[in-house]
Amino acid sequence: MKFEYVPQGVCARHMSLEVEDGHVKSLKVTGGCNGNSKGLAALVAGMPVKEVIARLEGICCGHRQTSCPAQLALALRHLMQK
């Protein structure tokens with residue numbers, strides 16, 4: 001299943017996700033820190049959705065109360081609710 005998400009409160013502007021059989025198949029982040037976004041995408045590829053959420057939920061970026069990883073966890077939560 002493909003899913004598009006617009007993160008809030010972070011530098012990233014858009015996240016395109018593909019989830020298959022409860023695992024993250026791919027992630028593409030537009031905007032934000034290019035290297036970090038590519039690293040995050042490489043790390044979560046193949047991971048179970050529930051594990052990604054558990055590991056990334058609640059991470060902050062500097063003075064912000066959220067981060068791109070936390071926004072990815074939120075996007076996956078939204079996807080699971082569908």
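One is the number of the first residue; the rest follow in order along the sequence. Computed over heavy atoms, backbone and side chain alike; hydrogens, waters and symmetry mates excluded.
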Closest heavy-atom pair and its distance - Arg64, Cys11
NH1-SG, 3.3 Å
Counting only heavy atoms not in Gln65, do more than 12 fall under 6.0 Å of its CD?
no
Closest heavy-atom pair, Pro48 versus His23, reported as atoms and distance to 0.1 Å, is N-CD2, 3.5 Å
Which residues end up grouped with Leu76 if you chain together Ile, Leu, Val, Met, Phe, Trp and Tyr wherever their side-chain heavy atoms are less than 4.5 Å apart?
Met1, Phe3, Tyr5, Met15, Leu17, Val19, Val24, Leu27, Val29, Leu40, Val44, Met47, Val49, Val52, Ile53, Leu56, Ile59, Leu72, Leu74, Leu79, Met80
In Å and rounded to the nearest 0.5 Å, what is the CD to NZ distance from Glu20 to Lys25?
4.5 Å
How far apart are the closest heavy atoms of Ser67 and Cys60, and which atoms are they?
CB-C, 3.9 Å
Stepwise, does the side chain to side chain contact (heavy atoms under 4.5 Å, CB included) test hold for Glu57 with Arg77?
CA-CA 10 Å; Glu57 202 167 46; Arg77 277 205 179 279; 2.5 Å; yes
Minimal non-hydrogen separation, Ser37 against Gly31, with atom names:
OG-O, 3.8 Å
On a heavy-atom basis, which atom in Ala70 and which in Gly58 lie closest, and how many Å separate them?
CB-N, 4.1 Å
Gap between atom NZ of Lys38 and atom NZ of Lys28 - 0.5 Å precision:
9.5 Å
